[in-house]
Amino acid sequence: MFASGKICRPRRCLFYIIVFLICQLILVLQFIVYKRNNDITASKFSSQPLHHSNDSGIHFLDWREFISHTPPRSEDYYQYNLHLSDTLGVIRNLPSTRHYGCMTRPFKLPPPLASKVSVVISFHNEARSMLLRTVVSLLRRTPEEYLHELILVDDGSQDVTLLDDLMRWMDGFLAARRDRLGLIFRRNQKRMGLISSRNRGASLASGNYVLFLDSHCEVNEEWLEPLLERLALDPHLAVSPLLDPIDPTTLSYRKGNEMLKGGFDWSLHFHWLKRQLAIKELPEMAYKSPAFAGGVLMMSRDWFLMLGSFNSYLKIWGGESIELAIKLWLCGGQIEIVPCSRIGHIFRRRHAFDFPPQSDQDQQLSPAQETYLHNSKIIAESWLDEYKNMFYALRPVARRIPLDHTYDEMQKLRRERQCHPFEWYLRHVNPELRLHFDELSATGTLRNEDRCLHARQKNSQLILASCYLSDITQWSMLRSSGQLSTQRELCLGVGLRMRITLQPCGRNETTRKSQRWLRLGTHLLHAETHLCLDNPLKDRLEMSTCRSHAVSQSFQFALEMEAQT
Ligand code: UDP
Ligand code: MN
């Protein structure tokens with residue numbers, strides 16, 4: 001067939017050859033462009049010196065090599081896009097997210113010798129590329145004269161060679177300034193949790209200030225200077241940078257909100273609070289905050305140690321920065337958020353780590369819930385004074401969590417440092433929390449005999465359930481409107497044919513009227529119908545004529561505010 005010349009006539013052959021050559025050329029060109037791009041990333045990286053230092057010998061391949069040993073894991077394991085993180089490079093340009101006003105004024109910096117900063121990063125199962133970006137952004141964007149040391153605590157990560165590999169990589173990377181920057185690497189053979197790992201890091205620190213940073217951050221330009229300026233004014237101040245969110249899926253870097261303060265609710269869960277600008281206050285100015293904006297914070301090392309570090313009775317993760325915030329404020333310190341200082345942080349949607357089961361694990365609680373309740377209970381018992389009842393009212397199951405120590409140490413600190421009572425914090429620092437307390441006339445679980453009124457999460461159906469369900473409904477009786485609300489702001493009401501309803505809490509007069517309740521001893525009397533909430537049979541709830549001694553009509557709140565104050 002070939003010989004017949006029918007398949008490849010000279011002209012057609014020539015055409016095929018040309019097409020083939022063009023394809024080859026395109027491939028070669030693509031390869032050149034790809035190579036060039038990568039070289040640019042690498043050379044951009046190696047040609048730009050570290051802050052004031054001339055750092056040579058950084059190769060594209062070096063960090064590629066380092067991250068190539070990342071153990072294969074699913075994205076679920078990290079809770080962010082690992083593939084993207086691996087392809088982003090060790091440093092990237094970040095958008096400038098801070099206010100224009102931050103860029104147009106010089107910061108008043110303290111003398112470097114008295115303002116050395118020790119950075120403590122504790123990490124557990126962090127992807128190599130992510131950890132490296134955290135460290136490199138820090139080394140690249142921090143003035144060398146202030147960066148005293150970097151303390152990395154590997155909290156029992158499964159990637160067992162990570163720390164050694166990182167040590168080696170950093171030695172090459174920092175060749176020129178190795179004698180000026182302290183590097184401390186520690187590994188907890190057994191996982192200890194964030195709290196004791198951070199304490200371990202801080203106990204090794206020798207700088208004037210200690211900064212706690214997560215292992216999935218990217219510091220932005222000039223992040224340190226605004227913090228140093230504030231800290232130099234008051235040795236008892238602690239500061240948070242403004243955290244810019246990095247999206248866990250796209251890793252895009254966005255602008256954080258400078259109109260929010262850190263706070264918490266009576267369950268001791270972190271919450272953002274609205275910041276109100278005073279007259280003449282500019283949004284970029286540092287502002288007081290009742291709690292830190294997350295776990296990134298900086299303060300004097302001595303002051304941190306004097307306050308007893310992070311409370312070492314707290315386990316694994318959770319509550320530590322709320323506890324530090326309360327004790328700081330009560331014992332003579334202050335907290336500020338500094339919007340001219342920006343640090344990117346990946347806010348993960350779920351925990352990327354497990355909580356180890358407790359030795360006496362409560363079967364109804366997950367290890368994460370039990371750890372959180374354990375830590376919160378310690379905070380409530382050590383700092384909240386009589387207001388701890390509010391915490392227990394909302395988290396009754398916390399009463400059952402065993403604690404293996406007394407609170408003597410904390411009482412000693414409170415006495416020695418003449419710390420204020422918690423009431424002072426509510427009055428002067430966190431009036432929002434106080435307001436929430438004052439708005440209520442009663443709160444917590446609503447008990448009828450040995451069961452509690454519960455609104456099912458999925459369909460809002462009202463039932464009577466065990467008071468020790470971990471998500472048992474917490475009711476709030478609002479003092480002014482008489483509404484009886486769940487945490488999801490659904491209010492108990494009475495509708496057509498005396499049916500008991502659970503609907504969004506109404507703001508207008510008509511709905512409010514149908515959702516208004518009066519207290520008659522332990523009876524709940526519906527204002528519009530003059531009928532009482534009743535549980536005549538095991539699983540029935542209905543409205544019926546009030547009978548003063550009827551046990552089926554007696555509903556007791558876990559906490560009565562009137563009796564409290
Ligand atoms: N971490 C740790 N040990 C643990 C749990 C967490 O060292 O047992 C580290 C984690 O790698 C991260 C920091 O503690 O650097 C804060 O944890 P995470 O980012 O999960 O907390 P979040 O930012 O969600 O508050
Ligand atoms: Mn984090």
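Keep in mind that what you see is a predicted model, and the values were worked out from it rather than measured. This chain uses plain numbering: 1 for the first residue, then up along the sequence. In listed order, ligands and their atoms are each counted from 1.
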Could you list which atoms of ligand 1 come closer than 4.0 Å to a heavy atom of [X]?
X: His216; result: 12 (C), 19 (O)
X: Asp155; result: 2 (C), 3 (N), 4 (C), 7 (O), 8 (O)
X: Ser215; result: 11 (O), 12 (C), 15 (O)
X: His345; result: 23 (O)

Between the side chain of Ser122 and the main-chain N/O of Arg198, is any donor-acceptor distance below 3.5 Å? no
What protein N/O/S atoms are there under 2.8 Å from the Mn ion (ligand 2), waters excluded? Asp214 OD2, His216 NE2, His345 NE2
Would you say Arg198 has any N or O atom under 3.5 Å from an N or O of ligand 1, going by distance alone? no
Give the residue and atom name of whichever protein heavy atom lies nearest to [atom], and the separation in Å to one decimal.
atom: atom 14 (O) of ligand 1; result: Leu194 CD1, 3.0 Å
atom: atom 13 (C) of ligand 1; result: Asp214 OD1, 3.5 Å
atom: atom 25 (O) of ligand 1; result: Trp317 CZ2, 3.4 Å
atom: atom 9 (C) of ligand 1; result: Ser122 O, 3.4 Å

Non-hydrogen atom of Gly193 closer than 4.0 Å to ligand 1: yes
Salt-bridge contact Lys377-Glu381 (side-chain N to carboxylate O under 4.0 Å): no
Out of [options], who gets a non-hydrogen atom closest to [atom]?
atom: atom 8 (O) of ligand 1; options: Lys315, Met130, Arg191, His124; result: Arg191
atom: atom 5 (C) of ligand 1; options: Phe347, Phe353, Phe355, Phe212; result: Phe353
atom: atom 20 (O) of ligand 1; options: Met192, Arg348, Arg349; result: Arg348

